[in-house]
Amino acid sequence: MSASNLVAEKVWKEIESTHTVNDDQLYILHFLFGKNFEGATRIVDQRGVKRIFGEPSGRFIFQVTGESRKKDQYLCFAENFCACYSFFYDVVNRGEQLCCKHQLAARLAASLGSYIEVKVSDEELALLLSKI
């Protein structure tokens, strides 16, 4: 794990423990993630993060609304995957970003507890995941 990821992880844990974010934490996350973090905060502010929660297993995935006019929905695991183009192009292919804004939005919303919870059966969750 890179030093940047370690610093980010420490900040995420602090936010999770209080369900609040302070100016210093915002500054650090912005320094690490730049414009992607700005986009993530807008998405969270607009309540654009849903946690799709499967029952009875307790497994979940996030569905994050994009910022384009089309308001595309992207399925993502906050820490290691997003179905958006930017994840594959900027994160995986070119290695220019640590993660995409949808992952950041999911992580921020999860840390703050500010996502919309959608409960589905495990079968429905499996069907959703099969479309990735």
Side-chain angles (χ1 to χ4, degrees):
M1 188 178 274
S2 72
S4 295
N5 281 331
L6 289 172
V7 170
E9 193 59 35
K10 182 179 183 298
V11 173
W12 290 125
K13 295 284 185 209
E14 290 171 2
I15 295 169
E16 287 170 11
S17 71
T18 62
H19 292 294
T20 60
V21 60
N22 64 41
D23 288 343
D24 290 339
Q25 293 163 332
L26 288 172
Y27 177 80
I28 292 168
L29 292 172
H30 186 267
F31 178 80
L32 293 172
F33 300 112
K35 66 179 179 61
N36 280 351
F37 187 68
E38 293 172 20
T41 59
R42 285 191 299 271
I43 291 168
V44 173
D45 285 345
Q46 295 168 4
R47 307 273 297 149
V49 179
K50 293 179 185 172
R51 187 173 86 146
I52 312 297
F53 185 85
E55 292 183 320
S57 71
R59 294 184 177 108
F60 63 89
I61 190 167
F62 290 96
Q63 186 177 52
V64 181
T65 303
E67 290 189 289
S68 70
R69 277 192 224 139
K70 295 188 294 182
K71 299 293 183 195
D72 291 326
Q73 301 280 314
Y74 300 102
L75 294 175
C76 70
F77 294 100
E79 296 174 17
N80 53 25
F81 175 80
C82 183
C84 76
Y85 176 79
S86 178
F87 176 79
F88 288 102
Y89 189 70
D90 295 330
V91 179
V92 176
N93 195 24
R94 292 172 45 189
E96 291 182 355
Q97 299 289 329
L98 295 171
C99 57
C100 72
K101 67 183 170 187
H102 310 107
Q103 290 175 281
L104 288 170
R107 189 73 192 263
L108 182 60
S111 297
L112 294 170
S114 63
Y115 50 80
I116 298 166
E117 181 90 9
V118 178
K119 293 183 180 180
V120 299
S121 70
D122 284 334
E123 292 78 17
E124 290 172 296
L125 182 61
L127 183 62
L128 190 63
L129 291 171
S130 73
K131 296 178 182 177
I132 293 179

>> So, using ring-ring contact (aromatic ring centres under 6.0 Å, His included) as the criterion, who are the partners of Phe33 when residues are at least two apart?
In response: none
Working to the nearest 0.5 angstrom, can you tell me the gap between [X] [atom1] and [Y] [atom2]?
X	Y	atom1	atom2	answer
Leu75	Leu129	CG	CG	7.0 Å
Ser86	Glu96	OG	CD	9.5 Å
Glu14	Gln25	CD	CD	5.0 Å
Cys84	Gln103	SG	CD	7.0 Å
His19	Ser17	NE2	OG	8.5 Å
Asn5	Lys10	CG	NZ	15.0 Å

Tell me whether [X] shares a hydrophobic cluster with [Y], the cluster being built from Ile, Leu, Val, Met, Phe, Trp, Tyr side chains joined at under 4.5 Å.
X	Y	result
Val120	Phe53	no
Ile132	Ile52	yes
Leu128	Ile116	yes
Phe77	Trp12	no
Ile15	Leu32	yes

Restricting to non-hydrogen atoms, name the atom on [X] and the atom on [Y] that form the minimum distance, rounded to 0.1 Å.
X	Y	answer
Val44	Leu108	CG2-CD2, 4.0 Å
Phe87	Asn80	CZ-O, 3.6 Å
Ala40	Ala105	CB-N, 3.5 Å

Are there over 12 heavy-atom neighbours, none belonging to [X], within less than 6.0 Å of that residue's [atom1]?
X	atom1	result
Asn22	CG	yes
Lys70	NZ	no
Tyr27	OH	no

> Which residue pairs satisfy the side-chain hydrogen bond (donor to acceptor under 3.5 Å, both in side chains) criterion with at least one member in residues 28-38, sequence neighbours excluded?
Replying inline: His30-Glu38, Asn36-Gln97
>> Which Ile, Leu, Val, Met, Phe, Trp or Tyr residues join Tyr89 in one cluster when any pair of side-chain heavy atoms under 4.5 Å counts as a link?
In response: Tyr85
>> Taking transitive links into account, so neighbours of neighbours count too, which hydrophobic residues share a cluster with Leu127 at under 4.5 Å side-chain distance?
In response: none
> Could you walk me through whether Ser2 and Ser4 pass the side-chain hydrogen bond (donor to acceptor under 3.5 Å, both in side chains) check?
Replying inline: CA-CA 5 Å; Ser2 72; Ser4 295; 4.6 Å; no
Kindly indicate whether the side chain of [X], heavy atoms from C-beta on, has any atom under 4.5 Å from the side chain of [Y].
X	Y	value
Lys119	Glu124	no
Ser114	Val49	no
Phe88	Asn93	no

> Restricting to pairs with a member in residues 90-132, which pass ring pair (Phe, Tyr, Trp, His ring centres under 6.0 Å), not counting sequence neighbours?
Replying inline: Tyr74-His102
For residues 54-64, which side-chain donor-acceptor pairs fall under 3.5 Å, sequence neighbours excluded?
residue : atom : partner : partner atom : Å
Ser57   : OG   : Arg59   : N            : 3.1
Ser57   : OG   : Asp122  : OD1          : 2.6
Ser57   : OG   : Asp122  : OD2          : 3.4

